[in-house]
Amino acid sequence: MPIFKKPQIEVRTSPHIARHQSVADIMLNVVLALLPILAYAVWLFGLSVIALTAVVMATCLGTERLFAYLSGRPNPLGDWSSTITALLLALTLPPGFPLWMAAVAGFVGIAMGKALFGGIGYNVFNPALIGRAFVQAAFPVSITTWAPGLFEGRFTSFIPTTFTPPFLSPPAIADWVKAVSLDGFSGATPLALQKFQHVQAPLNDLLIGSTAGSAGETPALLILVCGLYLAFRHMLDWRIPVAVMGGAVLTDLPFYLLDPVRYPDPLFVLTSGGLMLGAWFMASDMVGSPLTTRGVIIYGALIGFLTVIIRLFGGLTEGVMYAILLGNASTPLIDRYTQPKVFGTVRKKEESQ
Amino acid sequence: MGFLKPFLRASFRHGIHPDPHKGDTASRPIQRFPFPDRLVLHLDQNIGKPSLPIVKKGQEVVRGEPVAVADDFVSVPLHSPATGIVRGIELMPTARGPKTRAILIDVYHGSTQEVLYSVKRPLHILPRTDLLRAIQETGMVGLGGAAFPTHVKMTLPPGQEYEIHTLVVNGAECEPFLTTDHRVMLEQTEDLIRGVRYALEATEAKQAIIGIEDNKMDAVHAVAAAIEPDDPITVQAVPAKYPQGAEKMLIRSLLGLEVPPRALPASVGVVVSNVGTLAQLGYLLPRGEGLIERVITVTGAGIKRPGNYRVPIGTPIRFLLEEVGFEGEAAEIILGGPMMGMSASSLDTPVTKGMSGILVLNEKAIEQEAENIYPCIKCARCVQACPMYLNPSEMGQLAAKREYEQMESRFHLTDCFECGCCSYVCPSNIPLVQYFRIAKAMNREKAKA
Ligand code: SF4
Ligand code: SF4
């Protein structure tokens, strides 16, 4: 019969169809969701953020490629995951962070946070946060030097610290800040102001992000919208950010009710610092979070709780980063105790009758 | 979306929503298929013991005549689907691969479609055991794919204390592409209700619930209209969701009962039977005829006349595809649905009692499949899709390390019924179900040793 020119038919095992949403699709969408936040950061801080992102991106992708080459794995850049790491890292660094230090952060993040564990899927911690934690410890001054948003000449000049030569300390920028900022920019983040002077930044400023902080962590509202986009496309488990925010609010609420002057109000907790960015884009990283619904709720609530505890009682003003890293570290344990119960083993219906 | 629950039809949890692909065939009435020149009747079409042949080479048989008898309680007879001459009993290829014994029948040209052999019984006065025997003699097995002898399913396992309260009639047809049950419910409604009545008698269940996915509301209405007021039969629409047609899932959706791991539905007082099976039973029993043909959905790439066909058992797939005007190049031929069906290894494989569909996938569809496999990114989609509440992610990682025993001891591997939801959703393209099949086979081997 002429119909069957090719006698070979393939024999494969079921299922024979699949949903075509690959790892690359998911990761690419995360990248897309981060782009508006990056654009906003560029609008706030100008050329410095562009340079910062470019350097972090180049080091992250280069490091990923290098380690894949060394360990004989195929080119991993097609899965976009190191692009996400680079974007998140750039967005969590101060806008005027010296570029050479940013390169260190990118290298450490990918090398120690990801490649050492075996690449995508095997990392325990969020690689961007590993990079961030490393430079926080290594360069404590630079990581807390903030530039005012919307400063004059941001599209024609750089923040003075950006081009600090390697292995040198960055110049002090207090004079520069005075020269370029219109209103009195104190150089302190809303969290620091709240913590040490009990001055709470206005909610409006926090929502639109016109406060001091890392390049992309300030516009709470924009981050929320971008995160919701991913959640609606089922590329992010909405329970995680919700649990993080819920955990943070519930932890803060009793303190706020006891002493509203000393302690921040819950809305401030949600909108200040890196909580929004952390909750929606870093805690929700699939690799480092538990598998079951019960698991992610415990995990998210734990992160929210730790963030607030560190903020209120720790030596640092911001605790999101360490809270998420601790959350990542407890994921295997949470997973162990929140295994799904096999169908038919929970016979609630019959027991209650 | 738990907050929507009160507004939704009750269903099992988890599962997936694959593209149904039923549009090509759902509205095409069942058509009768011509006889091929030769029929291949495998003796092992049913679960349990193979049938025992009672014909010899060169013997003439008429349409409907028994050619093999049940060799045990868990076994069924076979009937000749056409009038012709027995060519011999030979090893022939099966869908699974290895060749097994089959009765070959050369069909007479112009063999009549009329069934020439039947054994009529006074059904309304038969005691239960005789009714079960009559069911066995029709050669009926589960037509939904399992091919488990129908009379065995309706008999309680000996020594068990269960009492069957409900007969669940499975009209979910959740597999994409398949539309046979849908057509049967529309076209053989009377047969179906009659079959349900027989099954109620045979199982001594107090009520029957016909569960139909809500993407087939025409069938829901048709079946509901055919029920007499004094029938203890109800029809219930259940959400269209895969694998709604899995026994345990449908029981959970309709009755809220969970069958414990490794137990039969009987342990919660339920017997499940497929609508196609009961409609066929309702047709055959009063006539005293045997199962000689079944309805099959034939569809997929390159098929000119996709549709639902009533095909003689034993028709070779090659003949079947030629008759429906298949053109182009088949890359893969699936027997059954795309989620749980089997790849045919040879075009000489015949249609069997348990085969519900033939689906042709072309090169393109297959290439899309062959994407890169990534490591597990712990996205938890498989965990949230598994209707058995297993942990395919952890099991997959253990399988990659060949820790097959741990998959069983820590993650309940045997409770996986290979529905395919996990593989379907995995963005890393990990062939999870394939891993689990291998792991189960390895564990079985080890248990034997
Ligand atoms: S194939 Fe097995 S593990 Fe995968 S979803 Fe189905 S029952 Fe669960
Ligand atoms: S769906 Fe695939 S990648 Fe996601 S957790 Fe399951 S096995 Fe891992």
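All figures in this text were calculated on a predicted structure; none of them were measured in a lab. Just so we're on the same page: letters track the sequence lines, and every chain starts at 1.
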Inset, instruction - Output the option from B/P338, B/G420, B/C376, B/S428 having the highest count of non-hydrogen pairs under 4.5 Å with chain A. - result: B/P338

Legend entry - Most chain A-contacting option - heavy-atom pairs closer than 4.5 Å, from B/I334, B/V383, B/V433, B/D415: B/I334

Inset, instruction - Counting only heavy atoms closer than 4.5 Å, note whether A/D25 contacts chain B via side chain, backbone, both or neither. - result: neither

Legend entry - Toward chain B, the part of A/I120 with a non-hydrogen atom under 4.5 Å: both

Contacting moiety of [X], where chain A heavy atoms sit under 4.5 Å:
| X | value |
| --- | --- |
| B/P176 | side chain |
| B/M342 | backbone |
| B/Q384 | side chain |
| B/R410 | neither |

Legend entry - Six-ring centre of B/F12, B/K241 cation under 6.0 angstrom, axis tolerance 45°: yes

Legend entry - Gap separating the CD atom of B/E247 from the CG atom of B/L264, nearest 0.5 angstrom: 8.0 Å

Inset, instruction - Measure the spacing between CG of A/D79 and CD1 of A/I26 and express it to the nearest 0.5 Å. - result: 11.0 Å

Inset, instruction - Assess whether atom CE of A/M57 is packed by more than 12 heavy atoms of other residues, nucleotides or ligands within 6.0 Å. - result: yes

Inset, instruction - Take atom OH of A/Y122 as the centre, draw a 6.0 Å sphere, and report whether it contains more than 12 heavy atoms from other residues, nucleotides or ligands. - result: no

Legend entry - A/S82 side chain to A/C60 backbone, donor-acceptor under 3.5 Å: no

